[in-house]
> 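The structure follows.
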Amino acid sequence: MSTGDEHPIPKVALVGHPNVGKTTLFNQLTGERRKVGNYAGVTVEKISATIYTPHGHQMELVDLPGTYSLTPSSPDERVTRDVLLGDLDGEESPQLVISVVDASSLERHLPLTLQLIELGLPVIVALNQVDRAEAKGLRLNPQVLTDELGVPVVACQATSGKGIVQLKQALRFPLPPASERRWKGNAAVEHAIADLTKQLESQGLERPEAHALQLLGESDYRTQAQPHLSRVAQAAALDVAADLIKQNHNPEEEISALRSQTIRRAISAAAHEMGDEGETFSDKIDRVALHPIGGWTLFAAIMFAIFWSIFRFAEVPMGWVEAGVGFIKDKVGGMLPEGDLNSLLTDGIIEGVGAVVIFLPQILLLFFLIGLLEGSGYMARATFLMDRVMARVGLSGKSFLPLLSGYACAIPGVMATRSISSNKQRLLTILVLPWQSCTARLPVYAILIPLLIPSILGQTTMMFFIYFLGTGTALLVAWLLSKRIGIGEAAPHFLLELPPYRLPDFGYVFRHVIDRGLAFLKKAGSLILGIVIILWALGTYPKAPEGESQFDHSAMGCIGNFLEPVVKPLGWDARLGTATLASFAAREVFVSQVAVSFAIEEDEDDEEAFRDQIRSAIKTSEKPDGSPAYPPLVVLSVLIFYIYALQCLPTTAVVQRETKSWKWALAQLAGMSIFAYLAAFIVYQGGTFLGF
Amino acid sequence: MAFTTELERDSALNLSQAAVGCEFQVKQLDGPGCKQLREIGFCEEMRVRKVSNGRNLVCAMCGTRLALSRELAEQVLVTAV
């Protein structure tokens with residue numbers, strides 16, 4: 001008996017359109033709950049798992065990013081094509097492909113299946129959503145489709161687990177053989193394909209016919225530099241294509257037409273055509289949700305509800321985190337004798353990290369609500385509505401989701417830009433995204449705003465204004481930059497699938513939220529912990545003699561004095577200068593840094609009392625001449641700086657990774673810092689001039 | 001060519017001009033957005049129903065709702081069925 005040990009573990013790839021239910025199928029096959037979303041392009045990371053066939057053979061199942069064709073129009077789609085062609089570094093091409101298609105929409109899905117068959121890889125077709133197709137009155141015959149396509153076709157309904165066993169049985173070992181290409185072109189086209197295949201083969205390229213079809217069927221692939229395709233191969237393709245064009249043949253159009261004909265033939269044999277099902281439940285909702293007035297009203301109501309619930313409902317769990325941090329600090333402080341170690345652990349680490357972890361509930365809640373929007377299908381409608389606004393400033397409707405995520409944290413926002421097809425629009429979205437007021441800025445606002453406005457209503461209005469200012473600036477700068485970057489005529493046209501409304505998959509949403517929460521805690525436990533320790537050390541040493549201010553004596557104080565001339569035009573002193581400098585690693589550090597510089601001890605039980613103490617320290621501080629050190633104008637100048645500055649090392653690291661360019665990441669950091677400095681400068685100097 | 005008669009060609013209109021609520025058959029794709037349209041499923045002979053108008057319009061095809069910009073819709077030539 002053969003066992004898996006005699007062979008390397010075969011790799012099986014799931015390929016299909018976005019929203020086809022690929023990820024649900026992945027979860028059904030692996031038994032592992034993973035992502036499943038409605039929003040086009042949610043699967044952007046590599047997801048794989050080990051599975052066993054019914055006969056016990058081990059296989060690696062990879063969920064490739066959703067794509068409409070092997071002609072990529074966004075970075076995640078390019079991953080799919082490159083993995084399948086074996087052109088991605090460190091990624092072996094799969095030995096078997098499961099082509100997931102929507103049974104109710106075969107005309108749209110089978111072109112990709114044909115392209116997969118043409119790769120020369122063994123293909124199994126998973127005919128998903130058969131229940132939906134049947135509900136629409138569509139009768140399908142998988143056996144006829146098997147004959148037409150020359151590959152096994154398994155009917156299934158991933159959401160209910162129907163057909164999963166049959167699909168697993170189709171993954172038997174040894175793997176099914178690859179099918180022949182399903183169409184034959186005219187003599188000239190066939191000659192061109194054969195000629196190019198032979199040339200590529202002699203150049204030692206793997207899968208020569210697959211590459212030849214890709215090169216002839218897609219002009220960009222042969223004209224634009226491809227990291228894994230030699231110039232020689234592209235030159236050969238250009239020659240062959242030029243020959244065809246000389247004979248009045250258009251390789252792209254002809255190959256595309258041949259595929260369409262093949263598909264129409266297969267469908268007319270295997271499925272009973274049906275008329276359109278008329279107005280669906282989703283259409284009824286869409287009549288309101290996409291209405292020029294009703295749609296915007298609903299959108300505004302949903303956004304308002306999201307922000308209201310973030311501030312309202314997160315209060316309770318935030319209280320728990322607060323109490324927990326206080327309890328731990330109390331316990332640890334009580335166990336150790338007074339001294340530097342005690343101070344490091346309690347005032348430094350527990351307090352510093354605690355000040356950040358307190359925002360975990362808000363972050364989780366925002367991601368949960370975004371998950372619900374995605375899972376229910378509404379996010380695509382929001383994208384549709386927002387396209388109108390976004391297009392005005394050079395962005396696309398698809399920039400909306402990343403910008404919305406930016407209110408929670410810029411990092412997932414930057415990562416979510418991967419579904420934007422235009423590179424320029426993607427870059428533009430990344431560049432302005434950190435102006436979305438993220439939750440890390442909240443602790444700073446919580447300290448500063450009450451200093452400016454005493455009434456609760458005024459504070460809420462101010463908070464709204466801050467969000468508005470951040471987003472407004474982001475859009476304005478996007479508009480200015482879009483002209484420089486050259487987005488205009490070149491912007492791709494808006495084209496988006498609106499998935500039917502459905503009940504969100506709560507398992508997925510919760511898993512997603514937990515992943516985000518863990519990522520945040522990891523950041524708090526690594527980067528922020530490191531910064532907090534360094535800040536504690538800089539603020540504690542060298543020790544001040546009895547009765548003198550520790551801050552003035554410490555290394556931090558020296559740095560502050562050094563910084564003072566730079567921040568003086570903003571109305572700031574050494575304390576604010578150091579607190580802001582420290583915040584460049586992560587904004588949340590501001591609060592603990594100000595507390596340390598005023599030598600304020602955190603009250604274990606009452607965070608609000610702690611904040612009040614900081615506020616009263618800021619309020620009552622005086623300059624040597626007796627005038628207040630931090631009049632409202634200075635507080636406003638600090639606030640403006642925090643609204644605009646990019647003070648988050650992890651964001652810069654992620655921008656570098658996503659743009660693959662230190663140039664853009666550092667330009668963004670420098671640009672936003674200068675912008676923030678100038679804005680704070682104008683506010684302070686302008687205010688002083690006007691006599692405030 | 002997707003048009004069989006001159007009359008058919010003359011009566012063709014683009015998806016942007018087409019009336020909301022009516023059903024059409026795609027006859028030809030013409031313009032720079034062709035590739036993008038074909039990928040998402042707009043092919044000759046497919047049936048589409050226009051659901052709504054606007055700067056981005058919505059149409060139904062094979063039970064799926066697709067939103068597309070007016071510029072793209074202008075590149076889809078359809079005839080009434």
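Each chain gets a letter, A, B and so on, in the order the sequences are listed, and its residues count up from 1. Every value quoted in this text rests on a predicted model; they were computed, and no experiment measured them. These values consider heavy atoms only, across backbone and side chains, with no hydrogens, waters or symmetry-generated copies.
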> Side-chain contact test, heavy atoms from C-beta onward, threshold under 4.5 Å: evaluate it for M386(A) versus L395(A) and give yes or no.
no

> Between H109(A), R108(A), E497(A), which is the residue that forms a side chain to side chain donor-acceptor pair (under 3.5 Å) with T64(B)?
R108(A)

> Going by an N to O cut-off under 4.0 Å, is there a salt bridge joining R381(A) and D286(A)?
yes

> Salt bridge (charged side-chain N to carboxylate O under 4.0 Å, His left out) with D30(B): which residues, sequence neighbours excluded?
none

> Using a 4.5 angstrom heavy-atom cutoff, name the option from R264(A), H291(A), E218(A) with the most pairs to chain B.
R264(A)

> Checking side-chain contact (heavy atoms from CB on, under 4.5 Å) against L37(B), which of V76(B), L66(B), V26(B) comes through?
V76(B)

> In residues 252-261 of chain A, which residues are in contact with chain B at a heavy-atom separation under 4.5 Å?
S256(A), S260(A)

> Could you tell me which portion of L106(A) (side chain, backbone, both or neither) has an atom closer than 4.5 angstrom to a non-hydrogen atom of chain B?
neither

> Measure R287(A) against the heavy atoms of chain B and call it side chain, backbone, both or neither at under 4.5 Å.
neither

> Which heavy atom in T71(A) sits nearest to a heavy atom in E77(A), and how many Å separate them?
O-OE1, 4.1 Å

> Is there side-chain contact between F42(B) and V48(B), with heavy atoms separated by less than 4.5 Å?
yes

